[in-house]
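This is a predicted model, so every value here is computed, not measured.
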Amino acid sequence: MNTTVSCELHLRLVVSSESSLPVPAGLRYDTADPYAVHATFHTGAEETVEWVFARDLLAEGLHRPTGTGDVRVWPSRSQGQGVVCIALSSPEGEALLEAPARALESFLKRTDAAVPPGTEHRHFDLDTELSHILAES
């Protein structure tokens with residue numbers, strides 16, 4: 001049986017050192033995909049942008065800078081509050097988002113309760129995943 005953990009939160013898109021914009025977002029963790037967190041960023045009335053992060057990357061980013069390439073995550077402070085900065089890079093552009101650290105930490109604790117870190121392999125069905133990949137070929 002698969003379990004899904006979800007969280008709705010409000011991020012800030014950093015536009016400049018003096019300006020940011022609100023970005024509603026949803027995080028979803030499914031035990032059927034135990035290594036990943038799926039993020040949906042609501043960028044307009046009907047528009048969304050989807051990203052997939054390694055759960056470990058987000059968890060480590062709560063405490064220290066981590067990640068290379070397209071996704072980097074690090075702890076910081078903004079307006080006196082703990083935030084987690086998430087820098088995204090793609091061919092379409094770059095974005096720097098600030099997530100409330102407490103909300104992200106609470107979400108990750110709930111994912112840890114569903115699948116404790118280090119036990120992901122017990123929830124990952126390699127044979128099923130390989131059959132999906134081979135069927136697409």
Side-chain angles (χ1 to χ4, degrees):
M1 181 174 103
N2 292 338
T3 300
T4 301
V5 176
S6 60
C7 170
E8 297 293 323
L9 62 152
H10 293 279
L11 308 180
R12 302 293 304 173
L13 173 65
V14 178
V15 179
S16 70
S17 60
E18 300 86 30
S19 178
S20 64
L21 300 170
V23 177
L27 300 178
R28 185 177 49 80
Y29 177 80
D30 190 327
T31 58
D33 190 5
Y35 294 100
V37 171
H38 297 259
T40 302
F41 304 107
H42 302 279
T43 58
E46 298 292 324
E47 298 174 35
T48 60
V49 175
E50 306 271 335
W51 279 76
V52 179
F53 306 104
R55 177 174 69 158
D56 289 349
L57 178 78
L58 291 177
E60 188 173 334
L62 285 170
H63 307 289
R64 69 186 86 21
T66 188
T68 59
D70 295 347
V71 181
R72 293 176 293 120
V73 183
W74 65 93
S76 188
R77 295 198 67 75
S78 178
Q79 299 176 0
Q81 300 294 314
V83 297
V84 176
C85 295
I86 303 170
L88 306 174
S89 178
S90 78
E92 289 79 32
E94 296 182 354
L96 175 58
L97 299 159
E98 293 178 344
R102 284 186 189 175
L104 188 56
E105 184 174 25
S106 174
F107 169 76
L108 289 168
K109 281 183 182 179
R110 291 187 295 130
T111 71
D112 290 352
V115 177
T119 67
E120 293 90 352
H121 65 283
R122 295 183 194 151
H123 299 267
F124 189 74
D125 186 349
L126 183 58
D127 292 333
T128 300
E129 293 303 318
L130 282 175
S131 67
H132 285 129
I133 291 170
L134 294 174
E136 293 174 3
S137 301

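Only one option out of Glu98, Arg102, Arg77 pairs with Val83 in a side-chain contact (heavy atoms from CB on, under 4.5 Å); it is Glu98.
The 12-atom threshold is exceeded at CD of Glu50, counting heavy atoms of other residues, nucleotides or ligands nearer than 6.0 Å.
For Ser78 and Arg12, the side-chain atoms include no donor-acceptor pair closer than 3.5 Å.
Going from atom CG of Leu108 over to atom CG of Leu104 covers 4.5 Å, rounded to the nearest 0.5 Å. Taking CZ from Phe107 and CG from Leu58, the interatomic distance works out to 8.0 Å, rounded to the nearest 0.5 Å. Within the model, atoms OG1 of Thr40 and CD of Glu8 stand 8.0 Å from one another, a figure rounded to the nearest 0.5 Å. Asp70 contributes atom CG, which lies 10.5 Å from atom CZ of Phe53 (distance to the nearest 0.5 angstrom). Phe41 CZ to Leu27 CG: the interatomic distance, rounded to the nearest 0.5 Å, is 7.0 Å. Note that NE2 of His38 and OG1 of Thr4 are 9.5 Å apart. Values are rounded to the nearest 0.5 Å.
A chain of hydrophobic side-chain contacts below 4.5 Å, direct or via other Ile, Leu, Val, Met, Phe, Trp or Tyr residues, connects Ile86 to Val23. Under the 4.5 Å side-chain heavy-atom criterion for grouping Ile, Leu, Val, Met, Phe, Trp and Tyr, Leu97 is not connected to Val14 through any hydrophobic cluster. No single ILVMFWY cluster, assembled from side-chain heavy atoms under 4.5 Å apart, contains both Trp74 and Val71.
Taking each heavy atom of Val84 and Val73 in turn, the nearest pair found is CG1-CG1, 3.4 Å. Heavy-atom minimum distance, Ala101 versus Leu62: O-CD2, 4.0 Å. Scanning all heavy atoms of the two residues, the minimum distance from Ser89 to Trp51 falls at O-CH2, 3.5 Å. Across every non-hydrogen atom of Pro75 and Pro65, the tightest pair is CD-N, 4.0 Å. The minimum heavy-atom distance linking Cys85 with Leu96 is given by the pair CB-CD1, 4.0 Å. Minimum interatomic distance between Asp30 and Ala32 (heavy atoms only, all atoms of both residues): OD1-N, 2.8 Å.
Remark: the backbone N or O of Ala103 is not paired with any side-chain donor or acceptor of Ser106 at under 3.5 angstrom. No donor-acceptor pair under 3.5 Å is formed between the side chain of Thr66 and the backbone N or O of Leu57.
By the 4.5 Å heavy-atom criterion applied to side chains, Pro100 and Leu11 are counted as neighbours. Under the 4.5 Å side-chain criterion, counting only non-hydrogen atoms from C-beta, Val115 is in contact with Arg55.
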